[in-house]
Structure formats: C-alpha cells, structure tokens
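Below is one structure, written out as structure tokens, with a few remarks after it.
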Amino acid sequence: MDNQPIGIFDSGYGGLTVFRSIADSLPQYDYIYLGDNARAPYGNRSFNTIHQYTWECVQMLFDMGCPLVILACNTASAKALRTIQQRDLLNEDPAKRVLGVIRPTAEIIGNYTASKEIGVLGTKGTVQSGSYLIEINNFFPDVKVYQQACPLWVPIIENGEYDQPGADYFVKKYLDQVLAQSAHIDTLLLACTHYPLLQDKIKAYLPENIKVVPQGDIVAASLQDYLQRHPEMEQRLTKNGSRQFFTTSDDTMDFDHHASIFFGEAVTSEYTALK
C-alpha cells in the first residue's frame, strides 16, 4: 500500500492515552488506532482468548497497511505479545513488527525510585502474568516490586465515573492494599493505560513523597528511539500527519464520545467488522 501508518491497538479506549503521547512526540507520522471495544475488557480473560483477540486485531491493522503495530494495552502486551513475536509473525511479512508497552516501561521505571521499592497497579490479567516482575528484575534486579490488581478501575473509567465521588472508595481501597505490602514504596506505576484518568484522585490519597508514573511519555520516547535505531522501518512509514480511528463496536457515536475524553480532542471513528 502507498500509505504505511503506525498501528496503535488497544482492547478499548485506554490506549488512546498512549496514542496521545506518541502523536504529540511524533506528529509527522500517519497513524491508525484500533479499539476492540466489542470484546472489551480484556483484563479478566484467559491467555488464549487474549492472544486470539489481539492477534486478530493486529492482522486487521496489517491489512490496513501498518508495517508496525504498538500494543498500547498492558494486558495484551503481557498475555499475547511474546507469542505474536515468536510464533505468529513467522507466517507474516518478516519485515513487520509488533511492540508492546511493558518492556519500555520496565527499562526505565527503576530510575524513578529512591527507596528501590515500586508498586505496580494493573488489571487482573497483567498482574497474574507476572510480566512486570520479570521485566523489571531483568533491568533493575535490586528493585523490589509489589503488585496490586485493580479490577474495578477500568469499569469505573469506561462508565464515565472516574471523576465522580463514587470512584473514591475503590481508588483508596486498592491504594491502601498496595501500600500495605510495604511502607517503603515511593513509586507507583500505572500499568494500565486507562488509569491516567484517575491520576488526580490517586494522587489525592497518597503521601507527597510517592511518585505516580503513567506510561504514555515513556512509550512515546521508546518508540522514537526504536525508529532511530531501525531506519529500515522508519523509512517505510509514511509521513502525512494523518490519524484514523476504528472501533469493532458498531456504536461509533458512543466510541467517539469516550475516545475524545481519553485522547484529549474530538475523535471521529469508523466501524470495522471482526473477521
């Protein structure tokens, strides 16, 4: 295809917070965002189901002309990325690439902590995978990592309750649970791309010495570095500054409303059918 954009995938809306940071840092490229809203959320699904859904959506982005796809979803990165990279891509164009959000975050998160103790807040699927424990240990073996699943945060956010008083109980509940694991945690990683919408409430229930780290800027910087190190990919990508949004949900008006909140500007999407 003449147009070769960067594909950004998420199970729903959360990846738009990452896409926002990427588009701000690298505005010259063409982008296609695909949200699998018809089958969201992914957080409580099995490894096999998440892999199946993710790979189907990656192939849709390939069919749309994307030679590079970013899984802007921690659950998909935790439960599907390795299989896609090591098995599925062997049957595709060997020049195509799929990248995730866990490794670039793990490569840098240890630099934020002075106490060498980090809390990771994520979906049940991300926490159960143990991916952050493994990856952070690879880069920062002296850092202790404590995990906390926050299964109700995504439903709260996607139902538009993230800035309402009703969300406070569940924000405080999960923060209390992770901080109860150690009194020395000084950094909390928001290991779900939805969670930045709760960032103000999260900070309100934390001591001032605890840093809250979202992933958007980290992933954007990592992608910029990747493209500098891989000119063969960078030169394939087209640069017209275009942005397209697709959803597997047939209610595009509802998607556009929610997506505009996550992306920070008006979004107009198109429906794409699952194969």
Side-chain angles (χ1 to χ4, degrees), residues 1 3-19 22 30-106 122-132 134-135 154 158 191-194 215 219 222-223 226 230 233 236-237 244-250 255 259 269-275:
M1 291 187 180
N3 198 43
Q4 296 197 66
I6 296 172
I8 311 284
F9 165 74
D10 184 59
S11 59
Y13 306 106
L16 288 159
T17 63
V18 171
F19 183 16
I22 290 173
D30 298 320
Y31 297 97
I32 294 178
Y33 181 89
L34 173 59
D36 189 11
N37 299 78
R39 302 185 294 194
Y42 280 16
N44 295 321
R45 297 188 185 273
S46 69
F47 271 82
N48 288 339
T49 298
I50 291 169
H51 166 257
Q52 175 193 333
Y53 289 178
T54 303
W55 179 233
E56 287 171 359
C57 290
V58 168
Q59 289 179 299
M60 291 173 70
L61 286 166
F62 285 163
D63 290 344
M64 292 176 184
C66 302
L68 172 65
V69 175
I70 311 298
L71 303 186
C73 172
N74 281 274
T75 304
S77 296
K79 290 192 170 186
L81 180 60
R82 185 179 297 275
T83 303
I84 288 172
Q85 289 179 331
Q86 296 183 355
R87 188 189 73 189
D88 299 326
L89 284 177
L90 297 178
N91 300 316
E92 290 286 332
D93 178 349
K96 292 178 180 176
R97 294 290 182 269
V98 180
L99 306 176
V101 295
I102 293 177
R103 184 181 179 90
T105 304
T123 66
K124 181 180 176 183
T126 297
V127 168
Q128 286 183 338
S129 75
S131 296
Y132 274 102
I134 296 167
E135 291 290 347
V154 169
E158 294 213 339
C192 174
T193 54
H194 281 69
Q215 294 178 286
V219 175
S222 178
L223 176 58
Y226 176 86
H230 294 85
M233 174 60 74
R236 291 181 67 180
L237 299 171
Q244 292 178 279
F245 300 84
F246 290 87
T247 174
T248 59
S249 169
D250 57 5
F255 176 86
S269 66
E270 299 176 52
Y271 166 69
T272 183
L274 293 161
K275 294 182 179 179

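Along the sequence shown, residues carry numbers from 1.
A 6.0 Å sphere centred on CZ of Arg82 holds no more than 12 heavy atoms belonging to other residues, nucleotides or ligands. Heavy atoms of other residues, nucleotides or ligands lying less than 6.0 angstrom from NZ of Lys96 number more than 12.
Residues Cys66 and Ile6 have side chains not in contact (no heavy-atom distance under 4.5 Å, counting atoms from C-beta outward). Gln244 is not listed as a side-chain neighbour of Tyr33, based on a closest heavy-atom distance of 4.5 Å or more. Using a 4.5 Å heavy-atom cutoff, the side chains of Phe246 and Met64 are in contact. For the pair Phe62/Pro67, no side-chain contact is recorded, criterion being any heavy-atom separation below 4.5 Å from C-beta on. At a threshold of 4.5 Å between non-hydrogen side-chain atoms, the residues Gln215 and Thr193 count as touching. Under the 4.5 Å side-chain criterion, counting only non-hydrogen atoms from C-beta, His194 is in contact with Asp10. Side-chain contact between Gln59 and Trp55 is present, with at least one heavy-atom pair separated by less than 4.5 Å. By the 4.5 Å heavy-atom criterion applied to side chains, Asp30 and Leu237 are not counted as neighbours.
Distance NE2/His230 to CG/Leu68: 10.0 Å, rounded to 0.5 Å. Interatomic distance, Gln52 CD to Asn48 CG, rounded to the nearest 0.5 Å: 8.5 Å. Remark: Leu61 CG to Glu56 CD distance equals 12.5 Å, nearest 0.5 Å. In this structure, OG in Ser129 is found 7.5 Å from CD1 in Ile134, a value given to the nearest 0.5 Å. Of the inter-residue distances, the one linking Ile32 atom CD1 with Phe9 atom CZ reads 14.0 Å to the nearest 0.5 angstrom. Note that CG of Leu99 is 9.5 Å distant from OG of Ser77, once rounded to the nearest 0.5 Å.
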Legend entry - side-chain contact (heavy atoms from CB on, under 4.5 Å) assessment of Ser269 paired with Phe255: CA-CA 7 Å; Ser269 66; Phe255 176 86; 3.3 Å; yes
Inset, instruction - Could you go through the side-chain contact (heavy atoms from CB on, under 4.5 Å) check for Val98 and Leu71 one step at a time? - result: CA-CA 7 Å; Val98 180; Leu71 303 186; 3.8 Å; yes
Inset, instruction - Just do the side-chain contact (heavy atoms from CB on, under 4.5 Å) check on Leu81 and Thr54 with the steps written out, would you? - result: CA-CA 9 Å; Leu81 180 60; Thr54 303; over 6 Å; no
Legend entry - Candidate pair Glu92 and Arg97, rule salt bridge (charged side-chain N to carboxylate O under 4.0 Å, His left out), full reasoning: CA-CA 10 Å; Glu92 290 286 332; Arg97 294 290 182 269; over 6 Å; no
Inset, instruction - Start with the C-alpha gap between Phe19 and Phe245, add the side-chain angles, then the distance that decides, and say whether ring pair (Phe, Tyr, Trp, His ring centres under 6.0 Å) holds. - result: CA-CA 11 Å; Phe19 183 16; Phe245 300 84; 5.7 Å; yes
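When all heavy atoms of Pro5 and Gly65 are compared, the pair lying nearest together is CD-O, 3.6 Å. Between Ala106 and Glu135, the closest heavy-atom pair is CB-CB, 3.5 Å. Scanning all heavy atoms of the two residues, the minimum distance from Arg39 to Cys57 falls at NH2-SG, 3.9 Å. When every heavy atom of Val101 is checked against every heavy atom of Tyr132, the shortest pair comes out as O-OH, 4.1 Å. When all heavy atoms of Ala72 and Ile8 are compared, the pair lying nearest together is CB-CG2, 3.8 Å.
A side chain to side chain contact (heavy atoms under 4.5 Å, CB included) with Thr247 is found for one member of Asn37, Asp36, Thr272 and no other, namely Asn37. With Thr123 as the partner, the side chain to side chain donor-acceptor pair (under 3.5 Å) test is satisfied by one option alone out of Asn74, Thr75, Asn44: Thr75.
Residues Thr49 and Ser46 bring a donor and an acceptor atom of their side chains to less than 3.5 Å of each other.
Judged by a 6.0 Å distance limit and a 45° cone about the ring axis, Lys79 is not positioned over the six-membered ring of Tyr42.
In this structure, the side chain of Thr126 does not engage the main chain of Gly122 through any donor-acceptor pair within 3.5 Å. Between the side chain of His51 and the backbone N or O of Phe47, no donor-acceptor pair lies under 3.5 Å.
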